[in-house]
Each structure stands twice: as structure tokens, then as C-alpha cells.
**Q** 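Starting off with a structure, shown below.
Numbers restart at 1 for each chain; the letters A, B, ... are given by sequence-line order, proteins then strands. FYI, side chains are in, hydrogens and waters are out, and symmetry mates aren't considered; it's all heavy atoms of this structure. Predicted model, so just to flag it, every value in this text is computed and none were measured.
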Number of protein chains: 2
Amino acid sequence: MDFDPMGVATDLVILTVQGGSFEVLLIRRGIPPHRGRWALPGGFVRAGEGLEQTARRELAEETGVGSGDASSDAPRIHLEQVATYGEPGRDPRGRVISVAYLALVPDLPTPVAGSDAASASWIPVAEVLDDPGRLAFDHHRILTDAVERARAKLEYSPLATAFCADEFTVSELRGVYEAVWGIPLDPRNFHRKATRTEGFVVPLGATTTRDGGRPAQLFRRGSAETLHPPLTRG
Amino acid sequence: MDFDPMGVATDLVILTVQGGSFEVLLIRRGIPPHRGRWALPGGFVRAGEGLEQTARRELAEETGVGSGDASSDAPRIHLEQVATYGEPGRDPRGRVISVAYLALVPDLPTPVAGSDAASASWIPVAEVLDDPGRLAFDHHRILTDAVERARAKLEYSPLATAFCADEFTVSELRGVYEAVWGIPLDPRNFHRKATRTEGFVVPLGATTTRDGGRPAQLFRRGSAETLHPPLTRG
DNA sequence: CCAAAAGTGTTGCAATTACACCCATGG
DNA sequence: CCATGGGTGTAATTGCAACACTTTTGG
């Protein structure tokens, strides 16, 4: 038996935390379908290209970072697959399957508009989630799934460090948790948990006073893949 | 820009627990490529068909249950998407993207060989995981990912009930956990956790002596989607 | 009666929370 | 000296593992 050929695309949920706000990168579509509407950045997988490779290419096009090329010395961006969406009729161009990826980036310079985007902007996640009609295609569902994944993974993985610069303070790390989860955390207990959890963060010895008050130690992400014990919400 | 057309398939990781053994349904391929080798059941997505619909169709073909048709009164089988695999070169027939699904079924009658399968058998999961060369394509990776997902979800979701018949005892439920995790659990503490966790299981009043000894209460799965608190491994 | 499996009570350790308190800087 | 944020100590509580013990059947 032969197969029915289909289009395969990747869509990206690029998340960041800026000044205590949890935001997603959206584009205003410059070409049909859904021209002029907000959507997740994405594009078709090319013939010889792997799925993650496509996602990294799109990420680089939109943000200017994270291309997986050996030639690039850009910071390593966290990128993971979330799910695949393939209902017939989800794209008016024909039968298109979309593999959604979640990317977590630190505070970045202004986003760049890609080829199919009239413009690109950081928008607060909560605002978009509260308005199911805001996004084109089935992108509201994709965003919902990706954000849920991110929120869950903060608990048991060191993923939050992906939102931070190379060097960060415990407060900055806590700010990530507070922004993503949308709840305040006790700074004193958080400090203990973050620093005592094996392999989560490693102290650099240096300090900074960029947040005012007593100088804070600087840390880099550790080597742990999972957090024991996990950080809990609430 | 137009897209490069590709084949889209679903592959199924169908898991069950039989007599304390955690097993996966494999087929011996009856057609090329990889004719004669073991593989996960799967097949191409048809033109007007949704991804999950394809998975349910394949599941019904292999096991005779769980088709999503309204006409079917077969039991509802747990089916969830795991991940999508799309490296160029993973399938010699051309560029094929495969969406992997995880299905959990209760102890079932003998499996049926589908159209592309010479035969189908239940094989212990541990045995297959220990032998990376056993499966065709990249199916060892898919199985690894799916089993990891299943093991993790037992902790915080009522998924284990999907391996049980409609009515089950606490011991039978514990047997599922022990088989999937591969470790023994304290029957007394497990009983408390399972029955005290809100919405996990609901007592039916009836009892059974099918396991010997004192009669055990029968339960049905509850309505909870997540377990609070979770059941922990170790 | 004994064996086997179901189910309950209790105890002690470990993790977590809530918050009092001290530290180090800038203004 | 005060405000601000960084960081430590500690008591009350909760959660959980370990295991003694009781219950209800079959043989």
C-alpha cells in the first residue's frame, strides 16, 4: 500500500520571562491563510531536514539565536517537542500535520520579523490564553498544551534556568518560577530548595548587587536532568 | 512557498499486564521493508483521517477492541500521543513521519494478525528494552519513550486502572504498579493510598474471593484526572 | 486449626512550612 | 541610620514508610 502525501510543518511556542512577565512570541501573519491574524511562528519541514532541525531554523529566523549549526556560537536554547496536531481541515492549504515545539529563551533583544510574518511581538501568555479567538489555526490549543508542559516541568526539571542568562541569582531564578506559575513563593524557603537540590545550580563565588540590597551570589545551571526533591507549587 | 509532501504514519505501543508481567504487542512484519523482523504495529494516515483516528483503527485491527466508532460497544481503551519521529532516512520507503501513540489495554484475548503482519505476539517489555537491535526502524527508541511515559504517569494519574478490567480489587491494581515499575510495593500502605486518594477508585460494595484468602472489595475507576497526593515509586 | 490474603492502627523519621532573625550593601 | 534585598535557624506540622495486629475466607 502507498501513502497519501501530506504537508508537515513545525510550529514554535517560544516563551520568555521579561521583567516578571511570562510572554510568548507571536507573529502577525504577512501571507494567507489568516493574513493579518496573530499566530505562532512556524514553517514547513524541507525534504532533507529533520523535525528538530526545522524548529531550530525557524527559531533562529525569529529570534536570531539558537541555530544548531556548529558554526554558530549562539547560546544553547532549550527546545523540546510538545505534540503533533493533524486534524483534517486544520489548515485551509490542504492536509497539513504540525509538530509543535516548545522553546525557552532568556530575555532577548527585539524579535525579528521572519519571511511570512509582517511583525513579531512578545505578548503576555495569560492574555493570550484568556482569549481563545486570538490566534489563527488551532494555535490556541497548541499554546495551551505547551504552557501546561512548561509549568509542569519547572517542578521536576531544571528547566527554569533556560529562562535565565548564563549567570543568575537565586532571586532571578525565583522570579522565573513566580512569573510562569503566576504565584508568589517564599524567598527564604526557595533559596534553600534551589541551592540544596543536588545539581540544580552551582555557585560561582562572585556576587552582584544589581538587584539592590545585600549582594547576591551568582550561579550557573548545574548538570542535573531532574530535580530531587522537586520544587512544588503551592 | 509550497511544501514538500511526506508520508505520515502512526505507530502503536500497546501495553498490557498479564499475570504480573508487563508486555507489549509486537508484530512480525509480513511485508517489506524489514520483512520478517519485529516491529510496533502501525500504518499510514489516510487522506481524510485524523491522527488519533488512524491510531484507533490500527488498534482495533490488531486487538479487536477500542475502535472509536459509535457503532462499537467495545470498552474505551486509553490512547494518548507520545511523540513524533521524523528523521530523514528513518524509513527506506521515503520521507515518512511517524506519530507514536501509547495504548493501555486490560488482559485481552489472543491478538490478531493485521494485514501487514505475519503474526502478532505479547512480549515482555523488559526483554525488548534490553535488546536495542530487536525492533525494526527506530522502534526501540519509540518503545523506550512510551514506556517511560507510562511509568511516569502511573505516579500522578489514574492510568493504572486502564490495565484493569471494569471491576478490580486493590491487589489487582497494585499488581499493575508492581509489574510496570518492576518493584514490589507494601500491600498495606498501597491499600491506604489507593483508597484514600480522592477520585482514584470507587467501592462497589461487592466482594470477590478470586485471589484466595479474605474476600476483597471490588472497585471501579473514579473520576479523578490526576492523583492528589501522587503514588510514589520507592 | 492453619494458611493466605485483606485491611487497620501506630509509631518514628523526614520533609515542608511559616516565620523570627541576622547580614551586607546603597543612599 | 534606614531601606532593601540576601540568607540562616528553628519550631510546629504534615506526610510517609515500616510493621504489628486484626479480619475473613478456604481447606
**Q** Nearest whole Å is fine: how far is C:dA5 P from B:Asp186 CG?
**A** 15 Å
**Q** I need the A:Asp138 CG to A:Ser98 OG distance, nearest 0.5 Å.
**A** 7.0 Å
**Q** Measure from CD on A:Gln217 to C1' on C:dA24 and round the result to the nearest Å.
**A** 13 Å
**Q** So, does A:Thr232 get its side chain near the phosphate of C:dT17, meaning an N or O under 4.0 Å from OP1 or OP2?
**A** yes
**Q** Examine the side chains of A:Tyr85 and A:Asp145 and answer whether a donor and an acceptor come within less than 3.5 Å of each other.
**A** yes
**Q** Over all strands shown, is B:Asn189 touching base, sugar-phosphate only, or nothing at heavy-atom distances under 4.0 angstrom?
**A** base
**Q** Applying salt bridge (Lys or Arg N to Asp or Glu O under 4.0 Å), which residue pairs with at least one partner in residues 213-223 of chain B are found, sequence neighbours left out?
**A** B:Glu167-B:Arg220
**Q** Decide yes or no for B:Leu59 and B:Ile77: does some side-chain heavy atom of the first lie under 4.5 Å from some side-chain heavy atom of the second?
**A** yes
**Q** Heavy-atom count check: over 12 atoms from other residues, nucleotides or ligands less than 6.0 Å from B:Arg151 CZ?
**A**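 Yes, because the 6.0 Å sphere around CZ of B:Arg151 holds more than 12 heavy atoms from other groups.
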**Q** Can you measure B:Arg192 atom CZ to C:dA6 atom P for me and round it to whole angstrom units?
**A**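 Going from CZ in B:Arg192 over to P in C:dA6 covers 15 Å.
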**Q** Contact class for B:Thr195 vs. all strands (heavy atom < 4.0 Å): base, sugar-phosphate, or nothing?
**A** nothing
**Q** Do we see a donor-acceptor contact under 3.5 Å between the side chains of B:Ser171 and B:Asp211?
**A** no
**Q** Between C:dA15 atom C1' and A:Glu155 atom CD, what is the distance in whole Å?
**A**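 Spelled out: CD on A:Glu155 to C1' on C:dA15 is 16 Å.
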**Q** Just the rounded figure in Å: distance from C1' of C:dA15 to CG of A:Leu227.
**A** 16 Å
**Q** With DNA chain D as reference, determine whether A:Arg174 or B:Pro230 sits nearer its 5' end, using the nearest nucleotide of each.
**A** A:Arg174
**Q** What is the distance from CZ of A:Phe190 to P of C:dA18, rounded to the nearest Å?
**A**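 Value for this atom pair: 16 Å.
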**Q** Looking only at side-chain N and O atoms, does B:Glu23 offer a donor or acceptor that is under 3.5 Å from a partner on B:Ser21?
**A** yes
**Q** Select base, sugar-phosphate, or nothing to describe what B:Arg210 touches, counting heavy atoms under 4.0 Å on all strands.
**A** nothing
**Q** At a heavy-atom distance below 4.0 Å, which nucleotide of DNA chain D is the first touched by chain A, and which is the last?
**A** D:dT4 to D:dT10
**Q** Nearest heavy atom decides the nucleotide; on that basis, is B:Asp211 or A:Thr207 closer to the 5' end of DNA chain C?
**A**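 Result: B:Asp211.
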**Q** Below 3.5 Å, does any donor atom in the side chain of A:Arg214 face an acceptor in the base of C:dA24, or the other way round?
**A** no
**Q** Take A:Gly213 and B:Ala216, find for each the nucleotide of DNA chain C with the closest heavy atom, and name the residue whose nucleotide sits nearer the 5' end.
**A**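 So the residue in question is B:Ala216.
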